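Step one of this worksheet: look at the structure below.
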Amino acid sequence: MLKIYNTLSRDKQEFIPIEPNKVRMYVCGMTVYDYCHAGHARVMVVFDMVYRWLKASGYDVTYVRNITDIDDKIIKRALENNESIHVLTQRFIDAMHEDERALGVLPPDHEPRATEYVPQMLAIIAQLEKNGLAYRADDGDVNYAVRKFEGYGKLSGKSLEDLRAGERVDVADNKNDPLDFVLWKHAKDGEPAEVKWDSPWGAGRPGWHIECSAMSSELLGKHFDIHGGGADLQFPHHENEIAQSEGAVLHDEKCKGRFVNYWIHNGFVRVDNEKMSKSLGNFFTIREVLQKFNAEVFRFFILRAHYRSPLNYSDMHIDDAKTALTRLYTALKSSPPATVQVDWQEQHAQRFKAAMDDDFNTPEAMAALFDLANEVNKKFDMKLARQLRALGGVLGLLQRDAQEFLQGDMSAGGMSEAEIQAQITARNAAKQAKNYAESDRIRKDLLAAGIVLEDSAAGTSWRRA
RNA sequence: GGCGCGAUAGCAAAUCGGUUAUGCCCCGGAUUGCAAAUCCGGUUAGCCCAGUUCGACUCUGGGUCGCGCCUCCA
């Protein structure tokens with residue numbers, strides 16, 4: 001039985017899908033005006049893990065992760081670069097897909113782009129206006145009247161009074177209430193034609209929050225199971241999504257005004273104990289990280305912490321993760337990669353499953369993997385090795401050929417395989433002649449070049465340190 | 001200021017009201033020509049102060065410190 005920590009209720013709840021055996025899940029994806037950073041990597045990997053676990057649990061999952069391809073920052077960047085919005089966003093969408101593939105992230109079932117769902121957004125705005133929740137401001141924007149929506153603040157645990165008392169809320173012009181947010185932004189002079197759509201309220205473009213309400217209901221229906229994203233989206237983005245989506249279906253009998261059953265938020269990636277973010281400038285792009293570290297190591301590093309905990313990014317920690325993952329692959333050395341089924345009756349698998357069912361406790365699931373590796377090493381048991389590989393596969397790990405992982409890593413500028421083999425041959429000759437001074441010298445030189453030799457009954461093998 | 005989250009050994013990170021978490025590091029042993037890998041064993045825990053309890057790292061209350069949201073943010 002799967003339990004999920006639901007941000008809405010602030011506790012772990014048994015997961016019961018709306019439709020038996022089916023899960024409909026929506027995750028807020030990226031705004032594509034730049035390369036993805038390590039924080040984005042965490043969202044991708046965490047929800048990929050959730051997606052995989054739901055599927056492994058036998059659910060028929062529909063996973064939607066949107067792409068925000070219209071927004072202030074995109075427009076600004078396109079103008080700076082003197083290129084079209086579409087060219088800019090397409091370039092970063094391609095880059096994002098490259099990063100994802102490297103991290104072993106499965107493609108979502110749908111990847112809707114905001115610009116393709118403007119009619120659906122307009123329909124929701126019209127419905128909100130009809131329901132008395134949206135109004136047209138003097139400047140031409142259409143705003144959401146937050147005070148008219150009962151239950152505003154239920155996701156973030158904020159009351160309107162608290163929010164209003166907050167010092168940091170600007171009193172914006174043209175809003176009936178400072179907390180009201182924009183549904184439709186009127187077109188301004190100087191904005192490219194590419195960012196203008198016709199609407200009953202005049203030419204303009206959508207506000208940020210409305211796109212997710214539109215795309216989720218179009219692809220998953222008005223009421224679906226899981227909605228996810230980074231913890232920073234809890235407020236105001238997800239709070240506003242609820243106001244929009246539930247406000248638009250106030251009188252809809254079918255979904256009884258309920259938008260999402262389970263809200264899942266992942267914790268931040270930190271640098272020096274501070275949130276990694278664009279505005280702080282303390283971020284590393286995924287490509288920067290992957291220049292230094294193997295992508296699977298980075299994925300392993302992300303999943304080694306619980307998804308809701310903060311994750312401190314540092315080279316030292318990723319190095320630590322690399323050594324740990326090397327241990328698992330070492331146990332798989334004599335087990336060729338093959339698609340094998342998990343034997344869920346086996347005890348490590350049971351522990352793994354119990355951990356994953358407990359709010360996706362990947363650190364505990366991994367502990368089971370390490371215990372399993374110990375058994376494999378102890379017993380030389382190929383069946384257990386296959387089990388280790390299969391369980392790793394559930395997390396999107398351990399699918400490579402072990403030799404390839406151990407030898408192929410970070411070889412930039414390293415010795416070629418042929419050179420290494422030649423050295424090994426020379427060393428073995430020296431060993432035969434009992435010239436240990438020479439054989440040790442060769443091994444020492446190789447070690448200095450980052451090559452570790454391992455003698456065994458089967459011969460000498462090597463790996464990169 | 002309002003709301004929320006966290007504090008576990010040298011580092012990272014889980015579980016749990018009483019029984020070895022796990023990984024990295026370190027020490028000892030086995031193995032090895034010597035190593036590496038592996039195996040066996042070991043050292044290092046639970047921010048502070050009270051309370052509940054036969055017993056608390058785990059529950060409750062109060063501190064302290066750190067972080068996040070309240071503004072674009074994954």
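Numbered from 1 within each chain, the chains take letters A, B, ... in sequence-line order. Keep in mind it's a predicted model, so treat the numbers as computed, not measured.
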Classify the nucleic acid contact of A/Met316 as base, sugar-phosphate or nothing, counting any heavy atom under 4.0 Å across all strands shown.
sugar-phosphate
So that I can tick it off, tell me whether A/Asp99 and A/Arg287 are bridged by a salt bridge, with the cut-off set at under 4.0 angstrom between side-chain N and carboxylate O.
yes
For A/Ser9, enumerate each residue passing the side-chain contact (heavy atoms from CB on, under 4.5 Å) test, keeping only those at least two apart in sequence or located in another chain.
A/Asn6, A/Asp11, A/Gln13
Sidechain N-carboxylate O distance under 4.0 Å for A/Lys444, A/Asp440
no
d(CG, A/Asp48; P, B/A74) in whole Å:
19 Å
Can you name the residues that form a ring pair (Phe, Tyr, Trp, His ring centres under 6.0 Å) with A/Tyr26, not counting sequence neighbours?
A/His227
Just by distance, with hydrogens left out, do A/Thr285 and A/His37 show a side-chain donor and acceptor under 3.5 Å apart?
no
RNA chain B: A/Asp440 or A/Ser309, which has the more 5' nearest nucleotide?
A/Ser309
Atom P, compared across B/A21 and B/G63: separation rounded to whole Å
33 Å
Look at A/Glu98 together with A/Arg101 and state whether they make a salt bridge at an N to O cut-off of under 4.0 Å.
no
Would you confirm whether the ring centroid of A/Tyr51 sits within less than 6.0 angstrom of the ring centroid of A/Tyr63?
yes
Grab the CZ-P distance between A/Arg464 and B/A36 for me, whole Å please.
20 Å
Atom-pair distance (CG on A/Asp381; C1' on B/U38), nearest Å:
16 Å
Between atom CG in A/Leu280 and atom C1' in B/A74, what is the gap in whole Å?
14 Å
Not counting sequence neighbours, which residues clear side-chain contact (heavy atoms from CB on, under 4.5 Å) with A/Lys196? List them please.
A/Ala187, A/Glu191
Using side chain to side chain donor-acceptor pair (under 3.5 Å) as the criterion, list what pairs up with A/Ser456, not counting sequence neighbours.
none
Contact nearer the 5' end of RNA chain B, comparing A/Arg463 with A/Arg308:
A/Arg308
Taking B/U8 as the reference, what is the distance to B/U15 when you measure between their C1' atoms (whole Å, please)?
11 Å
Identify whether NZ of Lys or CZ of Arg in A/Lys76 sits under 6.0 Å from the centre of the six-membered ring of A/Tyr33 and within 45° of that ring's axis.
no
Decide yes or no on salt bridge (Lys or Arg N to Asp or Glu O under 4.0 Å) for A/Asp72 and A/Lys185, but give the supporting numbers first.
CA-CA 11 Å; A/Asp72 288 352; A/Lys185 298 180 176 187; 3.4 Å; yes
Of residues 443-455 of chain A, the positions that come close to RNA chain B - non-hydrogen atoms, cut-off under 4.0 Å:
A/Arg443, A/Val452, A/Leu453, A/Glu454, A/Asp455
Contact class for A/Gly267 vs. all strands (heavy atom < 4.0 Å): base, sugar-phosphate, or nothing?
base
Looking across every strand, which nucleic acid part, if any, lies under 4.0 Å from A/Gly157 by heavy atom: base, sugar-phosphate, or nothing?
sugar-phosphate
Phosphate OP1/OP2 of B/C69: any A/Lys275 side-chain N/O under 4.0 Å
yes
Output one letter per nucleotide in nucleotides 16-24 of chain B: B when a protein non-hydrogen atom lies under 4.0 Å from the base, S when only the sugar-phosphate is that close, - when neither is.
-----BSBB
Separation of B/C3 P from A/Tyr152 OH (nearest whole Å):
18 Å
Quote, to the nearest angstrom, the C1' distance that separates B/C54 from B/C49.
23 Å
If you measure from the C1' atom in B/A30 to the same atom in B/A37, how many Å do you get, rounded?
14 Å
A/Phe301: which residues meet the ring pair (Phe, Tyr, Trp, His ring centres under 6.0 Å) condition with it, sequence neighbours left out?
none
Give, ordered by number, those residues of residues 419-433 of chain A having at least one heavy-atom distance below 4.0 Å to an atom of RNA chain B; if nothing qualifies, reply none.
A/Arg427, A/Lys431
For RNA chain B, what is the dot-bracket line, given that a base pair needs Watson-Crick (N1 to N3, plus N6-O4 or O6-N4) or G-U wobble (N1-O2 and O6-N3) geometry with both distances under 3.5 Å, and | means paired with another strand?
(((((((..(((.....[...))).(((((.......)))))....(((((..]....))))))))))))....
Report yes or no: is the cationic atom of A/Arg327 (NZ for Lys, CZ for Arg) under 6.0 Å from the centre of the six-membered ring of A/Phe370, at an angle within 45° of the ring normal?
no
Looking at OH of A/Tyr329 and CD of A/Glu404, how far apart are the two atoms once the value is rounded to the nearest 0.5 Å?
8.5 Å
Measuring to OP1 and OP2 of B/A12, would you say a side-chain N or O of A/Asn312 lies under 4.0 angstrom away?
no
Test of understanding: with ring pair (Phe, Tyr, Trp, His ring centres under 6.0 Å), list the residues that count as partners of A/Phe15, not counting sequence neighbours.
A/Tyr59, A/Tyr262
Rounded to whole Å, the OH-P distance (A/Tyr436 to B/U32) equals 12 Å
Sidechain N-carboxylate O distance under 4.0 Å for A/Arg77, A/Glu80
yes
Value in whole Å for how far the C1' atom of B/A14 lies from OH of A/Tyr307:
15 Å
Taking only the P atom of each, what is the distance from B/G10 to B/U44 in whole angstrom?
10 Å
Taking atom P in both B/G66 and B/C57, what distance in whole Å separates the two?
26 Å
C1' atoms of B/A14 and B/A45, separation to the nearest Å:
13 Å
I need the full list of salt bridge (charged side-chain N to carboxylate O under 4.0 Å, His left out) pairs touching residues 385-397 of chain A, with sequence neighbours left out, sorted by first then second residue.
none
Euclidean distance, atom NZ of residue A/Lys434 to atom C1' of B/C34 [Å, nearest integer]
13 Å
Would you say A/Thr62 and A/Asp109 are linked by a side-chain donor-acceptor pair, where the criterion is simply a distance under 3.5 Å?
no
Would you jot down, in residue-number order, the residues of residues 63-71 of chain A having a non-hydrogen atom under 4.0 Å from RNA chain B?
none
Minimum-distance nucleotide to A/His306 side chain [options: B/A14, B/C3, B/A74]
B/A14
Considering only the P atoms, how many Å lie between B/G18 and B/G29, rounded to the nearest integer?
36 Å
Would you say B/C39 has OP1 or OP2 under 4.0 Å from some side-chain N or O of A/Asn377?
yes
